[in-house]
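Here is how names work: the chains are called A, B, and so on, in the same order as the sequence lines, proteins then strands, and each is numbered from 1.
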Number of protein chains: 2
Amino acid sequence: MKYDTHSELTEERLTHVSQIFKALGDPTRIRILHLLLDRECSVNEIAEKLEMNQSTVSHQLSSMKKIRLVKSRREGTTIYYSHDDKHVIDLLTEAINHACHN
Amino acid sequence: MKYDTHSELTEERLTHVSQIFKALGDPTRIRILHLLLDRECSVNEIAEKLEMNQSTVSHQLSSMKKIRLVKSRREGTTIYYSHDDKHVIDLLTEAINHACHN
DNA sequence: TTAGAATATTTATATATGCTAATATATGCA
DNA sequence: TGCATATATTAGCATATATAAATATTCTAA
């Protein structure tokens with residue numbers, strides 16, 4: 001029997017992990033998540049700060065919500081988004097910090 | 001002046017980080033890197049183990065080499081690949097380990 | 001130098017992705 | 001109800017991506 005110190009890479013885990021990384025593999029989504037590091041933001045707030053189309057921001061938020069990277073909360077007509085996966089946030093900040101010391 | 005505990009997300013860092021994550025955001029490349037966790041492998045070896053086309057494997061290795069995720073070493077007609085970015089390997093194993101405890 | 005093995009590259013194709021404009025939906029308020 | 005605001009969704013387009021087949025390159029050995 002083979003001795004292996006690494007976790008087995010099942011099909012299910014492979015799909016999940018690649019899905020997460022794929023979500024992080026886009027500048028727009030990274031910028032959005034970076035904005036959400038500290039605090040929640042509304043869709044318009046994000047669109048204005050990043051100087052992007054409201055539709056684009058909404059679209060990306062929707063895709064990230066689908067895989068539970070962010071969550072939303074309604075307050076009147078405004079919807080506030082915040083991150084919803086501490087581990088993914090850790091992966092992101094680690095990568096950014098590392099990029100600062102290249 | 002705004003007090004911020006997070007690293008500034010410059011355009012250069014954004015490009016670099018999203019590039020890394022994009023590379024990790026594909027099942028094929030993850031499987032290749034997972035094979036290379038412990039030891040170097042030849043192109044054919046990878047292709048056989050993953051039951052994939054030689055051309056496809058070579059292509060993905062080439063794309064990962066371009067951004068220095070893997071490196072290669074020639075021995076006769078055989079070329080052995082191994083990973084070349086400890087930090088990226090850490091990101092990957094962390095993500096896989098986490099996927100094991102979801 | 002010629003044949004064979006291992007890898008790389010080129011080309012083609014199908015699919016996925018990101019963005020935008022336009023439209024739709026939902027909420028609050030007069 | 002009717003209107004304004006905020007967000008979501010749809011449709012279309014241009015680009016990027018992953019894969020595979022075919023071909024080219026590089027090296028070894030006879």
Side-chain angles (χ1 to χ4, degrees), chain A residues 11 14-36 39-84, chain B residues 11 14-36 39-84:
Chain A
E11 197 62 29
L14 181 62
T15 301
H16 184 241
V17 170
S18 63
Q19 189 183 51
I20 299 288
F21 281 131
K22 180 174 285 187
L24 294 176
D26 175 74
T28 295
R29 287 188 292 269
I30 290 183
R31 295 211 296 156
I32 292 175
L33 285 179
H34 188 257
L35 254 191
L36 300 181
R39 54 194 186 70
E40 61 181 11
C41 293
S42 71
V43 179
N44 268 347
E45 202 176 341
I46 295 172
E48 286 167 16
K49 292 209 175 183
L50 302 187
E51 294 181 325
M52 296 187 55
N53 206 298
Q54 176 268 329
S55 173
T56 302
V57 172
S58 177
H59 206 64
Q60 298 294 11
L61 284 169
S62 163
S63 76
M64 290 194 283
K65 187 179 179 182
K66 203 176 298 176
I67 60 174
R68 299 172 190 274
L69 259 53
V70 299
K71 61 178 188 286
S72 64
R73 168 181 81 81
R74 177 182 285 277
E75 201 176 300
T77 62
T78 302
I79 295 185
Y80 291 98
Y81 279 85
S82 54
H83 60 77
D84 195 28
Chain B
E11 196 60 30
L14 179 64
T15 301
H16 184 242
V17 170
S18 63
Q19 189 184 51
I20 298 288
F21 281 132
K22 178 174 286 187
L24 294 176
D26 176 74
T28 295
R29 287 188 292 268
I30 290 182
R31 295 211 296 155
I32 293 176
L33 285 179
H34 188 257
L35 255 191
L36 300 181
R39 53 194 186 70
E40 60 181 12
C41 293
S42 71
V43 179
N44 268 347
E45 201 177 340
I46 295 172
E48 285 167 18
K49 292 210 176 184
L50 302 187
E51 293 181 327
M52 295 186 57
N53 206 297
Q54 176 269 331
S55 172
T56 303
V57 172
S58 177
H59 205 66
Q60 297 295 11
L61 285 170
S62 162
S63 77
M64 288 195 284
K65 188 179 178 182
K66 202 176 298 174
I67 60 174
R68 297 170 191 276
L69 258 54
V70 299
K71 60 178 187 287
S72 64
R73 169 180 81 82
R74 177 181 284 276
E75 201 175 300
T77 61
T78 303
I79 295 185
Y80 291 99
Y81 279 85
S82 55
H83 60 77
D84 195 29

Euclidean distance, atom [atom1] of residue [X] to atom [atom2] of [N] [Å, nearest integer]:
X: A:L24; N: C:dG18; atom1: CG; atom2: P; answer: 12 Å
X: A:D26; N: D:dT17; atom1: CG; atom2: P; answer: 11 Å
X: B:I32; N: C:dT7; atom1: CD1; atom2: C1'; answer: 14 Å
X: B:K22; N: D:dA16; atom1: NZ; atom2: P; answer: 9 Å
X: B:R29; N: D:dA18; atom1: CZ; atom2: C1'; answer: 8 Å

Handout entry: Heavy-atom side-chain contact between B:L61 and B:I79 under 4.5 Å
Key =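 B:L61 does not reach B:I79 side chain to side chain.
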Problem - Validation row: A:I20, A:L69 side chains within 4.5 angstrom (heavy atoms) - result: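 With C-beta onward as the side chain, the pair touches.
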Handout entry: Sub-4.0 Å heavy-atom contacts from residues 43-61 of chain A onto DNA chain C, ordered by number
Key =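 Correct list: A:N53, A:S55, A:T56, A:Q60.
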Practice task
Could you check which residues of residues 65-82 of chain A get a heavy atom under 4.0 Å from DNA chain C? Sort them by number, please.
Solution key: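 Within this stretch, A:R74, A:G76, A:T77 sit under 4.0 Å of the strand.
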Problem - B:K66, NZ atom: more than 12 neighbouring heavy atoms under 6.0 Å - result: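 It does not: B:K66 NZ has 12 such atoms or fewer within range.
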Practice task
Evaluate whether atom CZ of B:R73 has more than 12 neighbouring non-hydrogen atoms of other residues, nucleotides or ligands under 6.0 angstrom away.
Solution key: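 Yes.
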List the atom of [X], the atom of [Y], and the distance in Å for their closest heavy-atom pair.
X: A:S72; Y: A:Y81; result: CB-CE2, 3.6 Å
X: A:S42; Y: A:T78; result: CB-CG2, 3.5 Å
X: B:V70; Y: B:D84; result: C-CB, 3.6 Å

Distance-only criterion, 3.5 Å: show the donor-acceptor pairs between side-chain atoms of residues 22-32 of chain A and protein atoms not counting sequence neighbours.
| unit_1 | atom_1 | unit_2 | atom_2 | d |
| --- | --- | --- | --- | --- |
| A:D26 | OD2 | A:T28 | N | 3.1 |
| A:D26 | OD2 | A:R29 | N | 3.2 |
| A:R29 | NE | A:A23 | O | 2.7 |
| A:R29 | NH1 | A:Q60 | OE1 | 2.9 |
| A:R29 | NH2 | A:K22 | O | 3.3 |
| A:R31 | NH2 | A:L50 | O | 3.3 |

